Amino acid sequence: MRLATWNVNWLAARLPRVTAWMEEHQPDVVCLQETKLADDKFPSDVFSDLGYEAVHHGDGRWNGVAILSRLGVHDPVLGFRSAEDEHGCRIIAATCGGVRVHSVYVPNGRSLDNEFYGIKLDWLARLRTMLDETCQAGGSVAVCGDFNVAPDDGDVWDPGHFVGMTHVSEPERAALRQVEGWGLNDVFRQFNEPGVFTWWDYRAGDFHEGRGMRIDLVLVSDDLAGRASGAFMDRNARKGQKPSDHAPVVVDFTDA
DNA sequence: ATGGTGGCCCGGCCA
C-alpha cells in the first residue's frame, strides 16, 4: 500500500496538480487537507475517473479534509463527535484496505498568547481521545496530515528562529507525543534524516533558501511501521507554477 | 527587518 498526505491549500486551485501528481506517483490512499471546499463542491467525479473513492468533510471556506482511496472507503466518520471540539472541518476517518485512516488538519495556534493556541492543545488531546474511543489496540491505524507541530528541533531550518513561536513549543510537542502515545510511530523518521521539510512559507523565497519545517506527518501503528518499506517527501510538488505551500509525504508498506 | 506572499472573497482574515 502506498499512502500519501498533502495539504493542498485550496483544492480548486490545485486540482490539476493533484491529479497529475496522483497519476505520476500512484498512491493507493491520499489524505488531503485544506481543501477549502463545501462538500457539494468537492470534485468526487474527477477522482472517481482516476479510480478513487472519496470522502470529504468541508464547509466551504476554511479547512476541509478528505480521504481518497482505491482500496475502498468504509465506515467514514466526519469530524469529532462534538462539532464545537473540532473548530471547523479538520478531521475525517475511514477504513481503506484494512487500515483505519485519519486525515487531520490541526489548528495552527497563531501565537503562544492567542486563544487559538489553547484550542490547538485541546484539539490534539481530543484527537487522542478519539483514537482511544474508536480504534482497537493492535489494529492497523494511520493518522496523517498537517499537524502544525514540528516534532523536534531537527524538523525546523533554524531552531533559534522559532524561539517563542508556535509549532515548536514544548506543550505542542508534548500534546503530539500524547497522540503518538496511543501507539503510533512517526514513520517518516525511519527513512529520512533530520532536515527534510514539508512546508515552506510562500514569502521571502523561503522554499529556495531551504527555510522550512516538517509539520506534515504520517503516524502509524506498530504493525504498519514494521511493514513500512520507504518514505519520502516530494520536493518537486512544491516547485513551479501555483504550488501549495506544502509538499506531499508518501509512505510505502508491504502487504500484511 | 513586523516586511514578505498567496489563499479565502473582494477588505480583513488566515496561514
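Lettering of chains follows the sequences in order, A, B, ..., and the numbering in each one begins at 1. Predicted, not measured: the structure shown is a model, and the values here were computed from it.
Comparing the P positions of dC14(B) and dC9(B) gives an interatomic distance of 14 Å, to the nearest angstrom. With both ends at atom P, the span from dG12(B) to dA1(B) equals 29 Å, rounded to whole Å. On the P atoms, dC13(B) is 16 Å away from dG3(B), given to the nearest whole Å.
Counting heavy atoms from C-beta on, the side chains of W199(A) and R214(A) never come closer than 4.5 Å. Between L176(A) and L217(A), the closest side-chain pair of non-hydrogen atoms falls below 4.5 Å. At a threshold of 4.5 Å between non-hydrogen side-chain atoms, the residues H167(A) and V149(A) do not count as touching.
You'll find that the side chain of K36(A) is closest to dG7(B), out of dA15(B), dG6(B), dG7(B). For W62(A), the side-chain atoms get nearest to dC13(B) when compared with the rest of dG6(B), dC13(B), dA15(B).
The shortest distance between the side-chain N/O atoms of R61(A) and the OP1/OP2 oxygens of dC9(B) is not below 4.0 Å. Phosphate proximity of dC14(B) to R110(A): present, with a side-chain N or O under 4.0 Å from OP1 or OP2.
Heavy atoms from other residues, nucleotides or ligands lying under 6.0 Å from CD of Q136(A) number 12 at most.
Protein atom CG of N7(A) is 11 Å distant from nucleotide atom P of dA15(B), rounded to whole Å.
Looking at heavy-atom distances under 4.0 Å, F207(A) makes no contact with the nucleic acid at all.
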